[in-house]
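The basis for the numbers below is simple: all heavy atoms, side chains too, and nothing from hydrogens, waters or symmetry mates. Below, chain A is the first sequence line, B the second, and so on; all start at residue 1.
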2 protein chains.
Amino acid sequence: MDQHRDYESELREAGVRLTKPRKIILKILGESQDHPDAMAIFRRAVKIDASISLATVYRTMKLLEGLGAVHRHSFEGGPARFEHADGEHHDHLIDLDTGRVIEFHSETLERLQEQIADELGYDIEHHRLELYGRKRRQR
Amino acid sequence: MDQHRDYESELREAGVRLTKPRKIILKILGESQDHPDAMAIFRRAVKIDASISLATVYRTMKLLEGLGAVHRHSFEGGPARFEHADGEHHDHLIDLDTGRVIEFHSETLERLQEQIADELGYDIEHHRLELYGRKRRQR
DNA sequence: AATGAAAATGCAAATCGTTTGCAACAAGTG
DNA sequence: CACTTGTTGCAAACGATTTGCATTTTCATT
Ligand SMILES: [Mn+2]
Ligand SMILES: [Mn+2]
Ligand SMILES: [Zn+2]
Ligand SMILES: [Zn+2]
């Protein structure tokens, strides 16, 4: 139920200290349904504890990414954006007009990618699929 | 036959001046089979004309991208990399051990993407698919 | 609860890739 | 060849991210 519970134990297991800034950032990530960038996370964090620094947000994101607790995305143009890594894998469709990020998942697509890599003699470690599009006009 | 011939006329049509730096960069892009970044293009250009500046490389890449003459990629980590846009569309598989970029194309994959976007009510403007993997061990 | 070693923090400065202002310079037109 | 205007090189500015360092915290240990 409690989203960031898992995270905290994960951190513990990884042998990293559960500090105040980390708890706050973890909580923010757990509650975020969007894909905030470091600055957005920082802004939300400051509301909870004004002493947090942007550098710590960056350091924490890197740490969490390394632990596999968050995913980093680099959508066209902008700064890196993050999301908690507890859901199942999905890819993204970015609405070019609104900037909205829509998540989707296709098992067929995933398998096809693997098949392609396989034919090239490769094993996929990870991948990145981003569709950039606009809402189809009218009905 | 002559790869950069098309480019030069394209530039002409677009009403931009065919300057010395541009010709050189165009030639470099036409001959490149890899996906060089701005600095790599700059290094190659300097060998031809030592007076070329990195700023001009960046400006030219942006210009060419705007004209649809080159494609810009932002593979994981590194700086933007470019390639001439005269071939047919393809996606990339990046070898995590060597950094080598392998091109591939799957009509099925492309159609599947479109279908997914369609189901979400979107028209794809463009997309980005990158597979990151390692060569399958042994035979 | 007090101690101490090690890790993490905030701050400011540094770095990286890329962009930009501006004066000097070339491209293309006539 | 001359003129107009786009383009260049240079250096400084930028935005995002990282880093050095002195100061705080955490947390395992008394
Ligand atoms: Mn997502
Ligand atoms: Mn390519
Ligand atoms: Zn996927
Ligand atoms: Zn494709």
Side-chain angles (χ1 to χ4, degrees), chain A residues 7-28 35-67 69-82 99, chain B residues 7-28 35-67 69-82 99:
Chain A
Y7 280 148
E8 301 206 348
S9 15
E10 262 188 69
L11 286 209
R12 277 230 159 63
E13 284 174 38
V16 304
R17 294 184 182 175
L18 209 15
T19 67
K20 194 149 119 186
R22 284 179 184 162
K23 282 182 197 160
I24 293 176
I25 292 171
L26 247 17
K27 179 166 160 53
I28 290 172
H35 298 75
D37 60 27
M39 181 54 76
I41 294 170
F42 172 65
R43 275 190 251 99
R44 296 174 200 184
V46 163
K47 286 188 197 161
I48 302 174
D49 176 349
S51 75
I52 283 184
S53 77
L54 181 56
T56 292
V57 172
Y58 275 111
R59 276 188 284 236
T60 303
M61 296 326 289
K62 176 168 287 196
L63 173 80
L64 295 177
E65 187 189 10
L67 296 178
V70 314
H71 288 150
R72 171 192 304 262
H73 303 292
S74 311
F75 299 137
E76 244 174 38
R81 298 171 62 169
F82 307 88
Chain B
Y7 281 147
E8 302 206 347
S9 13
E10 263 188 67
L11 286 209
R12 276 229 161 66
E13 283 174 38
V16 304
R17 292 183 184 177
L18 209 15
T19 66
K20 194 149 116 184
R22 283 179 184 163
K23 282 182 196 161
I24 293 176
I25 292 171
L26 247 19
K27 179 166 161 51
I28 290 172
H35 299 74
D37 60 27
M39 183 53 77
I41 294 170
F42 172 64
R43 277 189 249 99
R44 296 174 200 184
V46 163
K47 285 187 197 159
I48 302 174
D49 176 348
S51 75
I52 283 183
S53 77
L54 181 56
T56 292
V57 172
Y58 275 110
R59 276 189 283 236
T60 303
M61 296 326 289
K62 176 167 286 198
L63 173 79
L64 295 177
E65 187 188 12
L67 297 177
V70 314
H71 288 150
R72 172 191 305 261
H73 303 292
S74 311
F75 299 138
E76 243 173 37
R81 297 170 63 168
F82 307 87

Can you tell me how far [atom2] of [Y] sits from [atom1] of [X], rounded to the nearest 0.5 angstrom?
X	Y	atom1	atom2	value
B:R44	B:K27	CZ	NZ	12.5 Å
B:L64	B:M61	CG	CE	5.5 Å
B:T60	B:K62	OG1	NZ	12.0 Å

* Asked: Counting just side-chain N and O atoms, does B:Y58 come under 4.0 Å of either OP1 or OP2 of C:dT19?
  ->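 For C:dT19, OP1/OP2 do not have a side-chain N/O of B:Y58 under 4.0 Å.
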* Is A:K62 near enough to D:dT17 that one of its side-chain N or O atoms lies under 4.0 angstrom from OP1 or OP2? ->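 Indeed not, no polar side-chain atom of A:K62 lies that close.
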[atom1] of [X] versus [atom2] of [N]: gap in Å, rounded?
X	N	atom1	atom2	answer
B:H73	C:dG17	NE2	P	18 Å
B:I41	C:dT18	CD1	C1'	13 Å
A:R81	D:dT17	CZ	C1'	17 Å
B:E76	C:dC16	CD	C1'	18 Å
B:L67	D:dG6	CG	P	16 Å
A:R22	D:dC27	CZ	C1'	13 Å
B:L54	D:dA12	CG	P	16 Å
A:D37	D:dA16	CG	P	8 Å

* Asked: When the nearest nucleotide of DNA chain C is assigned to B:K20 and to A:T60 on a heavy-atom basis, which residue is associated with the more 5' position?
  ->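 Looking at DNA chain C, the more 5' nearest nucleotide goes with A:T60.
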* Polar side-chain contact B:R59-C:dG21 base: donor and acceptor under 3.5 Å ->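 Check passes, donor-acceptor contact within cut-off.
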* To do: Check the angle between the aromatic planes of A:H71 and A:H73 and answer parallel, tilted or perpendicular using the 30° and 60° thresholds.
  =>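 Taking A:H73 first and then A:H71, their aromatic rings stand perpendicular (interplane angle over 60°).
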* Quick one: does A:R81's side chain have a donor or acceptor within less than 3.5 Å of a partner on A:F75's backbone? ->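 It does not hold such a pair.
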Nucleotide N/O to protein N/O under 3.5 Å, stretch nucleotides 28-30 of chain C:
unit_1	atom_1	unit_2	atom_2	d
C:dG28	OP1	B:L18	N	3.3

* B:F82 to B:I41 - nearest heavy-atom pair and separation ->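 Scanning both residues, the minimum pair turns out to be CD1-CD1, 4.1 Å.
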